[in-house]
Amino acid sequence: MLDFKEEIAQALQKATGLEKEELKSYIEIPKDASMGDYAFPCFKLAKTLKKAPPVIATEIKEKLQVNEEMITKVEMVSGYLNFYVNNTTFIEEVLKEYDEKKEQYGNSNIGEGKNIVIDYSAPNIAKPFHIGHLRSTVIGGALYNVYQFLNYNVTGINHLGDYGTQFGKLIEGYKLWGKEYHIEENPIDELTKIYVRINELCKEDESVLENCRNNFKKLEEGDSYCVEIWTKFRELSLKEFQRVYDMLGSKFDSWNGEAFYSDKMKEVVDTLEKTGKLVESEGARVIELENMAPCMIEKTNGSTTYATRDLAAILYRARNYHFDKALYVTSYEQVLHFKQVFEVAKLLGLDKKYTNGLEHVPFGMVRLKTGKMSTREGNIVKLEDLLKEAIARALKVIEEKNPDLEDKEEVAKKVGLGAVIFNDLSNSRIKDEVFDWDTMLNFQGETGPYVQYIYVRTKSVLEKAGYVPEYKEINTNILADDASCAVIKTIANFADTLKQVVEKNEPSILARYLIELSQAFSSFYNHNKIIGEEKEVQNARLYLTYVVGNILKVGANLLGIQMPDRM
Ligand code: ARG
């Protein structure tokens, strides 16, 4: 396969004497095709070469020697060098590579030998699985898939919130009134009620609070009754969460939650003690940090904290997964928490490889178009209901558009869930997300259903033709028109897109890409008749249709979205 970017990087290296990989990393793909197929921003070299970008551009251009079979033109535009590829060669190379790799097109071996740990989803036992956990589940899941596709060795961890003093309270409430509640039928709602009620009682009666504290202590010490009840709460909650995971297709390699670290925190405290940096502060024990609030390791009552458990988890993950990167996908509300934990982790005596590999992947809040989506103020949006509503709404749209469709329910599931997932991923993750049914279910918008709709169109074209031509039979010259070329150039960016996703831990780059590819195909489809043309023309266009459909499907699946065959 001819590598155009590599060719440009080599030519730039010869012209400048600078390091090729660095030069290559600066090469961009212009948004606007009139700016060429690749662009080199000369301002990137301004510091090194101590010259103004236009001067650099002129000097490079004078010395530049490119393989003319690959690059037909180089232009200077305001400090940029724009490269135009030879379309005939380009088209042939891209489609040939597709034919060789098929479903594996776009993958690469950049991940070989590298271990990635992704900590995502992580809802809290006996509490509702809320919309923030949905974002974590969807973003973490998409990252998981893309890393894996690029041949990283990935471990997905659901660091469940299954530990903490609230369980002492829940156990007490259950002891007192367990029989009054239908925990088996509706675990999370019922446990929430118990939790609210026991909290009230604790406020009135100090001795009840004391009992709750004791329960938690007993739980930590392994008291069989407390452990039994806790296990029951955990299992019932997980069963309820599992329904959401099944709908979304979420999978985890490990379910080690916070409780898993209960016997592993002593080592953290001991190690920190030895550094001499663990100090008393108002009865608690903390590590003082520069430029941020201290990190609490032990509370006044001697119990450990969320941070201590995260520190124990870092030790465990370093030793068991030997991670090159450990990602934590949570809302930006936890930015400080992870800053503190990552700083304190440097005191645990781990190899630098590990402390350097820790990375928080924060995301924005979800807002309803009409206001905030809150769990605190009581208007809890239950995730399972929300997903069911998405499916019901998708079904309604389908019934209007295509009442005779077979398997309407199955299709509605894919479309409804696809809409929610795509909506979660389509903007850069740090932005707050607006949750609006009409926007996300709009088949014409920049949405999941739009991508699915274009995919279904590729399917129906191929079905109508009744065959998929072989690559060997294709005359690539037929695909030299602007609309076809635009599709092929977008196809060629797939591998680069996936690399960017893992570089920035940003699935939205792939979501945007799928929109771009869908739009390029749509314009190709509007400009070019596919079926009924001369056989040679039909074959070339059918082949392109086939490739686009496959990439849309692979890409959507990586995001966690299923494709319907019809809709
Ligand atoms: N359970 C936590 C929450 O709901 C998220 C846990 C994130 N992972 C971690 N290792 N701290 O906020």
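Each ligand, and each atom within it, is numbered from 1 in the order the structure gives. Just the heavy atoms: all of them, side chains too, but no hydrogens, waters or symmetry mates, feed the values below.
Remark: aromatic rings of W255 and F252 are close, center separation under 6.0 Å. Y513 and F494 have their aromatic ring centers within a separation under 6.0 angstrom.
For E359, the salt bridge (charged side-chain N to carboxylate O under 4.0 Å, His left out) test picks out no residue, with sequence neighbours left out.
Residues L289 and C295 meet the side-chain proximity criterion, which asks for heavy atoms closer than 4.5 Å.
Under 4.0 Å from any atom of ligand 1, one finds heavy atoms of residues D119, A122, N124, H133, H159, Y306, D310, Y328, T330, Q334, F338.
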>> Applying side chain to side chain contact (heavy atoms under 4.5 Å, CB included) to R317 and I157, what does each step give before you reach the verdict?
In response: CA-CA 10 Å; R317 292 171 189 180; I157 302 179; 3.5 Å; yes
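Taking the centre and axis of the six-membered ring of F260, the NZ or CZ atom of K264 falls inside the cone set by 45° and 6.0 Å.
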